[in-house]
Amino acid sequence: MENLFAALNAVLSFVTPVSDFFWDFPKMFSFWKNIPLLGSFSLAIIVLVGSGIYFTLRLGFIQVRLFSVGVHTLASRRSIKAGISPLAAFLLSTAMRVGPGNMIGVTGAIAAGGPGALFWMWVSAFFGMATAFTEGTLAQIFKEKRGDTFVGGLPFYARKLCGNKVWVGTILSLVYIVYALMCLPAQGFNVVTSAGAIAGLARHIQIPVQSTFYYVVSVLVILLMAFMAFGGIRRVSRWADVLVPVMAVIYAVTALLLILFNVDSVPYFFKAVFEGAFKPEAVFGGFLGTALLQGVKRGLMSNEAGQGTITMAAASAEARHPCEQGIISALGVFLDTHVICTMTGFIIVMAHEWALDPAAWKAAGTYGKFLFSVNGLAPEMLQVMVQIMVSICFCLFAYTCVIGFVSFSEISANRISSSKGFINFIRCLCVFVAAFGIACNIAGYDLSNLWAFSDLGNIIMVYCNVPMLYLGLKYVIRAARHYSDGHRDSFESEKVLGIRTAYWNGEEK
């Protein structure tokens, strides 16, 4: 095992500099830096924020105009004949969006860029809602029905938009599967370690990682992953329907309690965030570009707008109109960033441990910084209870990410082959890789390079997905115009878009 790990870590040692290159390009070149204003931003920032702004303008601020319509759609009940309901698709996508990144991602962004990073996270997410609408609508337009389920997403609409070339869908399916496989080990171990933290806090002891408790929990987690993986998207969706509301409510209640206990610090929060957005503190580097980069980078890692990685969930719903799921996808970005991430931001900024205990803050890891902030805000008698609640949320956040990665990998695999043997192979591979990551971490091996791979995977997915959104934007605009005109219960692709699609051809009813 040790030799295998050493070889794996050596192969992945290149990831961090490559990831940094993609995120910073072309800021490392003097000719770019010398361009007024534009030279302050990397290509990644321009692509993400710029595309969000462009889509927002072309679609007439659709994330604002149809916001209430999306909320009403989520609240309505309906019977479905195939696939899953729009609400179930929303919860499934939220299971992927709301993950450990909502805690450690926001904490890392503020630690690197200051409180102002949260402001830029809000800005990028607002425009990212239009990006999410675009990719969610495209996922619905080009989805395909397989038995009693729907499959679709980036590999499916990319193939159709690129002249129905099979190799395009195949390559993008493989890219996503590899991306998911590299994220699974760390997320699987997050589930195990957070379960250990919960047990340790309840018993007032620290449980060794190499102990019977961790071995038993690891086996149970692997069995649960296998149970979910071989149940297909319907089983994952049913569990997401339960887990997502539970974890969202627990985290919201915990954060609101901490805010209420420290309500006098709320004005400081807003002052620090808005001032830091344009005049970052020296302790965080003092550069506007750092705050902006961290806000966009960690915002993307959390809400995934523009990556195309959530489009599989959007395509799986039985919608009455493609734009119905488009606006629901936009609401997912709003919930993730403007609600959940903002709660984490309140905790980190209001505690401002970087000023109260600079040495401890600097020495702590990202999750340690988050716990420092939680303890700094919680009354002493409630600190253990609050830590348990936070650990439960972290455990659920990580587990829903795991089952999301497995489920979406299966949907991507369907673009390559729908044979039962191949789909089961992908399911087994996902479970095995997650189990391998758990085993490595329990053995004491550091898989930190995999976190850098997540950053690299995020931006690679963006560069694969965003060009497809521009290619398909004309169809989204036509569909949005049709939906905005009141045609919300009927849609035929040939009449509205001028093309015949696999599902919206007038025969689906």
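Side-chain atoms of Ser493 and Tyr475 include no donor-acceptor pair closer than 3.5 Å. Between the side chains of Thr56 and Gln63, a donor-acceptor pair is found at a separation under 3.5 Å.
Scanning for ring-ring contact (aromatic ring centres under 6.0 Å, His included) contacts around Tyr483 gives His321, with sequence neighbours left out. Phe156 pairs by the ring-ring contact (aromatic ring centres under 6.0 Å, His included) definition with nothing, not counting sequence neighbours.
In this structure, Tyr470 has its ring center under 6.0 Å from that of Phe55.
Figure legend: cation-pi geometry between Arg235 and Phe227, with NZ or CZ positioned under 6.0 Å from the six-membered ring centre and within 45° of its axis.
Ring geometry for Tyr463 versus Phe22: interplanar angle of 30 to 60°, hence tilted. Classification of the Tyr503-Phe150 ring pair by plane angle, with boundaries at 30° and 60°, yields perpendicular. Ring orientation note: the planes of Phe432 and Phe436 are close to parallel, at an angle under 30° on the 30°/60° scale. In this structure, Phe119 and Trp122 have perpendicular ring planes: the angle between them is above 60°, well past the 30° mark. Note: Phe408 and Tyr176 have tilted aromatic rings, judged against thresholds of 30 and 60 degrees for the angle between ring planes.
For Phe422, the CZ atom is densely surrounded, since the number of other residues' heavy atoms within 6.0 Å is greater than 12.
You'll find the side chain of Met225 reaches within 4.5 Å of the side chain of Ile438, heavy atoms only. The shortest distance between side-chain heavy atoms of Phe230 and Cys428 falls below 4.5 Å. Side chains of Val69 and His72 form no contact here, defined as non-hydrogen atoms less than 4.5 Å apart.
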I'd like to know whether Glu318 forms a salt bridge (charged side-chain N to carboxylate O under 4.0 Å, His left out) with Lys143, so could you lay out the CA-CA distance, the side-chain angles of the two residues, the decisive distance to 0.1 Å, and finally the verdict. CA-CA 10 Å; Glu318 184 183 74; Lys143 71 181 181 182; over 6 Å; no
